Structures are given as structure tokens and as C-alpha cells.
Number of protein chains: 2
Amino acid sequence: MESQDLRKAGLKVTLPRLKVLEILETADHRHLSAEDVYKAMLEMGEEIGLATVYRVLTQFEGAGLVSRLSIEGGHAVFELEDGSHHDHLLCVRCHRIEEFVDEVIEQRQQVIAAEKGFEMTDHSLYIYGVCKHCQKEK
Amino acid sequence: MESQDLRKAGLKVTLPRLKVLEILETADHRHLSAEDVYKAMLEMGEEIGLATVYRVLTQFEGAGLVSRLSIEGGHAVFELEDGSHHDHLLCVRCHRIEEFVDEVIEQRQQVIAAEKGFEMTDHSLYIYGVCKHCQKEK
DNA sequence: GTGTAAATGAGAAGGATTTTCATTTATATT
DNA sequence: AATATAAATGAAAATCCTTCTCATTTACAC
Ligand SMILES: [Zn+2]
Ligand SMILES: [Zn+2]
Ligand SMILES: [Zn+2]
Ligand SMILES: [Zn+2]
């Protein structure tokens, strides 16, 4: 089924691309850095260059298959695009990432943009904190 | 008056530090990159190393004199700390930055964090769009 | 004035990502 | 199935922003 997605996006169906898709679909975590994908590939016994991982992820982003988070200070994180917008909560200790959608915030942003005379094209919202897990530890 | 702020922060009063403060206080824009500060220094005829600009801005951040924005993709931007939290709207064309405060959003973030069991420590919210100015230009 | 720790500047180093370019590969065409 | 061609790949170099190193200078307490 994935081959179709690649063809639709005007991308040739290659092993590296199929494998990157596979990793994004089957990884334990939904949010992966390029490095994470690269390491997962090597662990699967697939040879790939890190440059290719970056290239493929960027192409997938362009094709709407993947979206990219820009987390403060750190490196980019990628996730499979599921068509529904959501924002993120990040644990500053263990780097766990959780997702949320809040209609009140979404709408307030529209109002604020309108008040300032902006045509809003996008937004980026990250809530940082200490997750349930990490609160327990000490 | 600024010398006092530096001494309170445990920082020696040096010319580079005073000049960086001066630039932050008198620049046309409230939001400046390290590069912007560096160029402004050179234009003022002051010799300074870029490394010093970064160092000083980072120290000021630690001392609570300055805060740092982490804008998507780009480089860090610094602004004088005025004690009141605010978030930012960014024009994707001309890179103009505007500020806003919205209590509804602030509170919803607290609620969301609580729902997910997070102890919220911080957040980062940027609204991207096309500003009033840039909308006029075709 | 002297001493000492802190601050500076220049350049090297760093980390994440992108680019370059020679080689390989997918796919369209015989 | 063989061939042609445009796209994709890997490795290394390059890039961008930022931090670090270290020899020299400076601020400030005595
Ligand atoms: Zn955690
Ligand atoms: Zn997500
Ligand atoms: Zn604009
Ligand atoms: Zn601001």
C-alpha cells in the first residue's frame, strides 16, 4: 500500500523510502528524529546513509506524508502525518512526547491573528513540563 | 543605571556588556539576533567578537535580563526581559515580530498540562502568518 | 599600584542538516 | 529481456549557528 503513496507523491519506489516508511509506522514511538530513524535502519540490518534519511524525510514532509516538529534547542523530530492537527507536550526530563488538541486554543489563535491584522498560516505550540512518570522519581 | 543590574547579576561591568545592553535598549526592533547585536556594535564603531556577543547574551539570559526566543528553523532571537510574559506572532514574509498576551490560552495550557499529568514548567507559542503590511504587497 | 579571578577575541570545534558529485537504481522504452 | 535516462543514493565535504579553547587583557578588591 505504501508504494502507492510514494508514486502519488511523484517519488520512485526505492528500498530506503519503503524502509523509512516502515520504521515510522512500526516504531515504539510516534515521534522520531532523523538519527532515530537512521539507527533503527541499521538495527534492521539495512544499509543507509544519514543524508538519505534526511532527504527522504524532507521529501515525505513535502509530500504531506510526514510532519516535522521543531523542538526548542534540539533537533527536528518527525511523525507520520495523520491528517489531524495536534500540538505537543514535552517532558523536559525523559523527553517523552504527548499530543493534544484544544479547540479553545485553536480558536483564540485565530482571533489574536485577526486582531493583529495577520493572515495566519500556521502555528507552533509546545508545552514543556515534567511528566507523570518523572514526577514519581525522587 | 545599567551598571547596577550587571553587578546584581554578579557580572563585572565591562564595555562589551554595557554596549550590548545599550543596543538592546535603543534598537529599532525589540527582537534581535546575536548577529544583529554584533552588526549594531560594529556600526557604532565598537570592536567586539561575535563569541562575546553570544556569551554576554547567554549570561544576560541567565541573569534574567534578557529572554531568548527559539524560532522555527532559524537562529535564536533575544529581547530585553520586561518581567511580563508574552507570546509572539511572526510574519513569514518580512519577519516582523509582534507580541501578544492571551489569558485564555495561558489558562487552557495549565488545564491541558494537568489533564495529562504534567507539571508545566514553560511553553512556547508562535503564530505564523502574513502581516498587514505584507498583505498589501500583492 | 598589585594581585587575582573574570572577561575578552580569534579561531577552532561542535552538532545538526544540507550539498556535492560520482555511482547505482528504478522505470519507461525498445 | 536489454537499454536508456532521469532520479536516487552514499560518503564526504560544506554550511549554519553556536559554543569552546586558550592566550591576553581587564575590572576591581586590597
Ligand atoms: Zn518524563
Ligand atoms: Zn505528534
Ligand atoms: Zn510582513
Ligand atoms: Zn517579545
Side-chain angles (χ1 to χ4, degrees), chain A residues 2-23 31-42 44-63 65-79 95, chain B residues 2-23 31-42 44-63 65-79 95:
Chain A
E2 300 103 351
S3 308
Q4 297 309 318
D5 295 332
L6 294 178
R7 288 210 181 80
K8 271 184 214 160
L11 300 170
K12 284 189 185 173
V13 179
T14 65
L15 207 65
R17 286 177 180 154
L18 289 172
K19 288 293 176 186
V20 169
L21 270 187
E22 184 183 337
I23 285 163
H31 302 92
L32 301 174
S33 68
E35 193 75 32
D36 291 337
V37 172
Y38 177 64
K39 282 179 185 159
M41 291 282 271
L42 297 186
M44 280 171 87
E46 298 291 334
E47 303 244 324
I48 196 173
L50 184 54
T52 301
V53 174
Y54 275 104
R55 248 184 319 233
V56 167
L57 287 170
T58 301
Q59 291 158 344
F60 284 3
E61 187 189 12
L65 297 174
V66 152
S67 55
R68 181 193 301 250
L69 317 191
S70 300
I71 293 172
E72 197 142 320
H75 33 224
V77 169
F78 300 84
E79 65 179 318
H95 304 108
Chain B
E2 300 102 351
S3 308
Q4 297 311 317
D5 296 330
L6 293 178
R7 287 211 182 79
K8 272 183 213 159
L11 300 170
K12 284 188 185 174
V13 179
T14 65
L15 207 64
R17 286 176 181 154
L18 288 173
K19 289 294 176 186
V20 169
L21 270 187
E22 185 183 338
I23 285 164
H31 303 92
L32 302 173
S33 68
E35 193 74 32
D36 291 337
V37 173
Y38 176 64
K39 284 180 184 158
M41 290 282 270
L42 297 185
M44 280 173 87
E46 297 291 334
E47 304 244 324
I48 196 173
L50 183 55
T52 302
V53 174
Y54 275 104
R55 247 184 321 234
V56 167
L57 288 170
T58 301
Q59 290 158 345
F60 284 2
E61 186 189 12
L65 297 174
V66 152
S67 55
R68 180 192 302 249
L69 316 192
S70 300
I71 293 173
E72 197 142 321
H75 33 225
V77 169
F78 300 84
E79 66 180 316
H95 304 109

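No hydrogens, no waters, no symmetry mates; every other heavy atom, side chains included, goes into these values. From a predicted model like this one, the values you see are computed outputs, not experimental measurements. Note on naming: letters A, B, ... go to the chains in the order of the sequence lines (proteins, then strands), and numbering restarts at 1 for each one.
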* **side chain to side chain donor-acceptor pair (under 3.5 Å) involving Ser70(A) - partner list, sequence neighbours excluded** => none

* Asked: Can you list the residues that meet the side-chain contact (heavy atoms from CB on, under 4.5 Å) rule with Tyr54(A), with sequence neighbours excluded?
  -> Ala34(A), Leu50(A)

* Asked: Once you round it to whole Å, what is the distance between C1' of dA16(C) and CG of Leu32(A)?
  -> 17 Å

* Does Tyr54(A) make a side-chain N or O approach to OP1 or OP2 of dT18(C) shorter than 4.0 Å? -> no

* To do: With sequence neighbours left out, write down each residue that passes side-chain contact (heavy atoms from CB on, under 4.5 Å) with Leu42(A), or none if nothing qualifies.
  => Tyr38(A)

* To do: Could you check how far CG of Leu50(A) sits from P of dA12(D), rounded to whole Å?
  => 13 Å

* To do: In whole angstrom, give the distance that lies between atom CD of Gln59(B) and atom P of dT18(D).
  => 16 Å

* Structure fact -> With sequence neighbours left out, the residues meeting side chain to side chain donor-acceptor pair (under 3.5 Å) with Arg7(B) are none

* Asked: What residues form a side-chain contact (heavy atoms from CB on, under 4.5 Å) with Ala40(A), not counting sequence neighbours?
  -> Ile23(A)

* Roughly how many Å is it from NZ in Lys19(B) to P in dT8(C), rounded to a whole number? -> 14 Å

* Integer-rounded Å distance: dT25(C) P and Glu47(A) CD -> 12 Å

* Asked: Below 4.5 Å, heavy atoms only, C-beta onward: do Leu21(A) and Leu6(A) meet side chain to side chain?
  -> yes

* To do: Under the side chain to side chain contact (heavy atoms under 4.5 Å, CB included) rule, what do Asp36(A) and Phe78(A) come out as? Steps first, then yes or no, please.
  => CA-CA 10 Å; Asp36(A) 291 337; Phe78(A) 300 84; over 6 Å; no

* **Listed nucleotide nearest any side-chain atom of Arg17(B), set dA7(C), dG10(D), dC17(D)** => dA7(C)

* **Partners meeting salt bridge (charged side-chain N to carboxylate O under 4.0 Å, His left out) with Glu22(A) (sequence neighbours left out)** => Lys19(A)

* To do: For DNA chain C, determine which residues of residues 33-41 of chain B have any heavy atom closer than 4.0 angstrom to one of its atoms, and list them numerically.
  => none

* **Contacts of Gln59(B) that satisfy side chain to side chain donor-acceptor pair (under 3.5 Å) - sequence neighbours left out** => Arg17(B)

So which protein nitrogen or oxygen atoms get under 3.5 Å of nucleotides 26-30 of chain D's nitrogens or oxygens?
from: dA27(D); atom 1: N3; to: Lys12(B); atom 2: NZ; distance (Å): 3.4
from: dC28(D); atom 1: OP1; to: Val13(B); atom 2: N; distance (Å): 3.0

* Asked: Over how many whole Å does the gap from Leu6(B) atom CG to dA7(C) atom C1' extend?
  -> 13 Å

* Can you tell me how far P of dC17(D) sits from CG of Leu69(B), to the nearest Å? -> 16 Å

Polar atom pairs (N or O), protein with nucleotides 20-24 of chain C, under 3.5 Å:
from: dT20(C); atom 1: O4; to: Arg55(A); atom 2: NH1; distance (Å): 3.3

* Find the distance Ile48(B):CD1 to dT25(D):C1' and express it as a whole number of Å. => 15 Å

* For Glu61(B), which residues count as a side chain to side chain donor-acceptor pair (under 3.5 Å) partner, sequence neighbours excluded? -> Arg68(B)

* Not counting sequence neighbours, list each pair that qualifies as a salt bridge (charged side-chain N to carboxylate O under 4.0 Å, His left out) and has a residue in residues 47-58 of chain B. => none

